[in-house]
Amino acid sequence: MRVLLVGAGGVGTAATRIAARREFLTHMVVADYDLSRAEAAVAALEEHGDRFSALRLDASDENAVRAALTEHRCDVLFNATDPRFVMPLFNAALAVGAHYLDMAMSLSVPHPSRPFEECGVKLGDRQFELADRWAESGRLALVGMGVESGLSDVFARYAADELFDEIEEIGVRDGANLTVEGYDFAPSFSIWTTIEECLNPPVVYEKDRGWFTTAPFSEPEVFDFPEGIGPVECVNVEHEEVLLIPRWVDARRVTFKYGLGDDFIARLKTLHELGLDSTTKVTVPGEHGPVKVSPRDVVAACLPDPATLGDRMTGKTCAGTWVKGTKDGKAREVYLYHVVDNQWTMREYGSQAVVWQTAMNPVIALELLATGAWSGKGVLGPEALPPRPFLDLLTEYDAPWGLREQG
């Protein structure tokens with residue numbers, strides 16, 4: 001399999017380190033707007049021969065992406081950029097007949113008059129509008145294939161197939177006890193994406209009502225995470241699982257809640273109140289005259305790069321799917337989960353836990369597509385495909401998953 005990886009940030013670089021250890025990959029072109037980042041990722045893999053090469057590429061330039069896919073004869077476009085660049089990459093892959101994989105779907109737009117009650121443009125709507133064209137092309141666009149969304153969706157499908165007869169609720173729950181020495185505020189993942197998903201109206205799904213929205217940080221609950229992480233307060237956050245799982249898994253209710261913490265929430269609210277979460281460019285003085293910048297990009301530039309925090313980070317992160325329903329006429333409640341220790345990922349891969357956990361899942365998906373264990377056409381989420389091959393390969397990647405009976 002020949003892959004064009006677009007985005008050599010923390011997750012993209014972690015993906016190269018994971019993929020380098022697997023035989024399914026024939027060649028991966030590592031592309032980034034900043035050529036030095038792509039070259040650094042490739043240079044670190046020198047011992048793996050010529051299976052990796054670096055390329056400067058603007059993810060917003062659809063024509064340039066088409067040309068790169070064609071020139072390098074790539075079978076798959078692996079999108080490891082932030083959600084702003086989903087559509088040009090998605091469209092470029094469709095245009096040249098390549099498969100496509102991402103970890104975050106096309107951006108939402110809040111309802112113009114009732115943002116905390118009704119959905120406007122939902123996450124992924126622009127991609128699913130092109131599902132028929134993808135199906136007609138015979139190619140697969142596998143969307144939302146990270147850890148959350150991604151592995152969490154695989155867990156949901158596995159629960160529906162093997163653990164339950166009827167499902168009342170599927171709730172993705174994400175929590176951690178990670179700390180970063182020397183920083184009062186140092187997000188462990190892209191702050192651009194974190195602002196987007198945390199300050200947008202969260203989406204909830206109910207079978208009798210469909211998709212609807214609530215206020216940010218609504219419905220707080222304390223969830224007890226496994227392997228020493230312990231109780232963490234989680235709140236509603238906009239996330240792809242709620243838009244994906246109901247398309248293929250029958251459940252009465254689907255939610256996503258994230259353990260942010262009061263301090264983190266307060267800082268996000270302050271950014272919003274000051275307008276620093278905005279992506280609309282403003283004019284500011286520059287060395288050579290006025291320049292236009294996005295306030296959110298400025299915030300990201302002022303914070304440390306999450307990919308560089310591994311040496312200062314301690315603790316574990318947990319991604320998982322809580323499922324409540326019935327099996328053989330009896331009530332059942334389980335939590336399917338995946339815990340990663342930052343000390344282990346730094347020692348084994350040189351990547352911090354959050355970006356490594358995110359990167360591992362699309363690499364597994366690529367291997368399943370390469371071997372034919374997964375196949376399909378059209379625009380599909382992870383829960384549209386059989387879960388067992390993925391979970392078996394997860395264990396083979398030295399990243400075992402767990403199942404905890406609740407109650």
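Counting only distance, with no hydrogens or angles, the side chain of E233 and the backbone of P220 share no donor-acceptor pair below 3.5 Å. Here the side chain of T70 pairs no donor or acceptor atom with the backbone of A67 at under 3.5 angstrom. Between the side chain of E240 and the backbone N or O of M105 there is at least one donor-acceptor pair closer than 3.5 Å. Between the side chain of T255 and the backbone N or O of V204, no donor-acceptor pair lies under 3.5 Å. Counting only distance, with no hydrogens or angles, the side chain of N236 and the backbone of P202 share no donor-acceptor pair below 3.5 Å. In terms of modelled atom types and a separation under 3.5 Å, the side chain of N342 and the main chain of G310 share a donor-acceptor contact. Between the side chain of R2 and the backbone N or O of H72, at least one donor-acceptor pair lies under 3.5 Å. Between the side chain of D174 and the main chain of A319, no donor-acceptor pair closer than 3.5 Å is present. Judged by distance alone, with hydrogens and angles left aside, the side-chain atoms of T321 form no donor-acceptor pair with the main-chain N or O of V172 at under 3.5 Å. Distance alone, capped at 3.5 Å, places no donor-acceptor pair between the R66 side chain and the V96 backbone.
The shortest side-chain heavy-atom distance between L45 and R17 falls under the 4.5 Å cut-off. Side-chain contact between L57 and V65 is present, with at least one heavy-atom pair separated by less than 4.5 Å. For the pair T13/S351, no side-chain contact is recorded, criterion being any heavy-atom separation below 4.5 Å from C-beta on. Looking at heavy atoms from C-beta onward, L25 lies in side-chain contact with F52 at the 4.5 angstrom threshold. Considering only heavy atoms from C-beta on, V6 stays 4.5 Å or farther from F85 through its side chain. When side chains are defined from C-beta on, L101 counts as touching L366, because their heavy atoms get closer than 4.5 Å. Here the side chains of I167 and D250 are not in contact, with every heavy-atom distance at 4.5 Å or above. Using a 4.5 Å heavy-atom threshold, the side chains of Q127 and M87 count as touching.
A distance of 12.0 Å separates CG in L69 from NE2 in H99, rounded to the nearest 0.5 Å. Once rounded to the nearest 0.5 Å, the distance linking CD1 of I364 with CG of L394 reads 4.5 Å. Here the CG-OG1 distance, from L268 to T194, works out to 7.5 Å after rounding to the nearest 0.5 Å. Taken from CD in E181 to CZ in R312, the straight-line distance is 6.5 Å, to the nearest 0.5 Å. Here the CE-CG distance, from M145 to L368, works out to 8.5 Å after rounding to the nearest 0.5 Å. Within the model, atoms CD of Q357 and SG of C318 stand 7.5 Å from one another, a figure rounded to the nearest 0.5 Å.
The neighbour count for R404 CZ, taken as heavy atoms of other residues, nucleotides or ligands under 6.0 Å away, is above 12. More than 12 heavy-atom neighbours from other residues, nucleotides or ligands sit within 6.0 angstrom of CD on E227. A 6.0 Å sphere centred on NE2 of H111 holds more than 12 heavy atoms belonging to other residues, nucleotides or ligands. Residue-environment remark: CZ (R247) exceeds the threshold of 12 foreign heavy atoms within 6.0 Å.
Of all non-hydrogen atoms in P201 and E238, the two that sit nearest each other are O-CB, 3.8 Å. For the pair S278 and P295, the tightest heavy-atom approach, listed with the atom from each and the gap, is O-CD, 3.4 Å. Residues V3 and F78 approach most closely at CG1-CB, 3.8 Å, considering heavy atoms. Contact record, C119 with V203: SG-CG1, 4.1 Å, taken as the closest heavy-atom pair. Closest non-hydrogen pair, A365 versus L142, comes out as CB-CD2, 4.0 Å. Taking both residues in full, the closest heavy atoms of I170 and A251 are given as CD1-CB, 4.0 Å, listed atom of the first, atom of the second, then distance.
Screening L244, V242, I245, L243 against Y205 for a side-chain contact (heavy atoms from CB on, under 4.5 Å) leaves a single residue, V242.
The pair E196-R296 counts as a salt bridge, with a side-chain nitrogen and a carboxylate oxygen less than 4.0 angstrom apart. Using a 4.0 Å cut-off between charged side-chain N and carboxylate O, E219 and R253 make a salt bridge. Residues K324 and E333 are not paired through a salt bridge, judged by the lack of any N-O separation under 4.0 Å between the basic side chain and the carboxylate. Under 4.0 Å is where a charged nitrogen must lie from a carboxylate oxygen, and between D263 and R267 at least one such pair does. E396 has a carboxylate O that lies under 4.0 Å from a charged side-chain N of R22, or vice versa, which qualifies the two as a salt bridge.
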Applying side chain to side chain donor-acceptor pair (under 3.5 Å) to E148 and H239, what does each step give before you reach the verdict? CA-CA 8 Å; E148 292 177 333; H239 232 250; 5.8 Å; no
Please assess R84 against D297 for the test salt bridge (charged side-chain N to carboxylate O under 4.0 Å, His left out), listing each intermediate value before the final yes or no. CA-CA 12 Å; R84 287 175 289 182; D297 287 341; 3.3 Å; yes
Could you please spell out the steps behind the side-chain contact (heavy atoms from CB on, under 4.5 Å) verdict for L391 and L151? CA-CA 9 Å; L391 296 176; L151 176 57; 4.2 Å; yes
With side chain to side chain donor-acceptor pair (under 3.5 Å) as the test, would you mind laying out the steps for R173 and S152 before giving the verdict? CA-CA 9 Å; R173 299 293 184 265; S152 51; over 6 Å; no
Verdict with supporting geometry, Y33 and T81, side-chain contact (heavy atoms from CB on, under 4.5 Å): CA-CA 10 Å; Y33 186 79; T81 63; over 6 Å; no
Trace of the side-chain contact (heavy atoms from CB on, under 4.5 Å) decision for V284 with V291: CA-CA 6 Å; V284 299; V291 295; 3.7 Å; yes
Stepwise, does the side-chain contact (heavy atoms from CB on, under 4.5 Å) test hold for F128 with K122? CA-CA 10 Å; F128 280 107; K122 301 187 299 301; over 6 Å; no
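Residues meeting the salt bridge (Lys or Arg N to Asp or Glu O under 4.0 Å) test with R388, sequence neighbours left out: E162, D392. With sequence neighbours excluded, the residues satisfying side-chain hydrogen bond (donor to acceptor under 3.5 Å, both in side chains) with R332 are E405.
Ring centers of F390 and W401: at least 6.0 Å apart, outside the cut-off.
Relative ring orientation between W356 and Y349 is described as tilted, the plane-to-plane angle lying within the 30° to 60° band.
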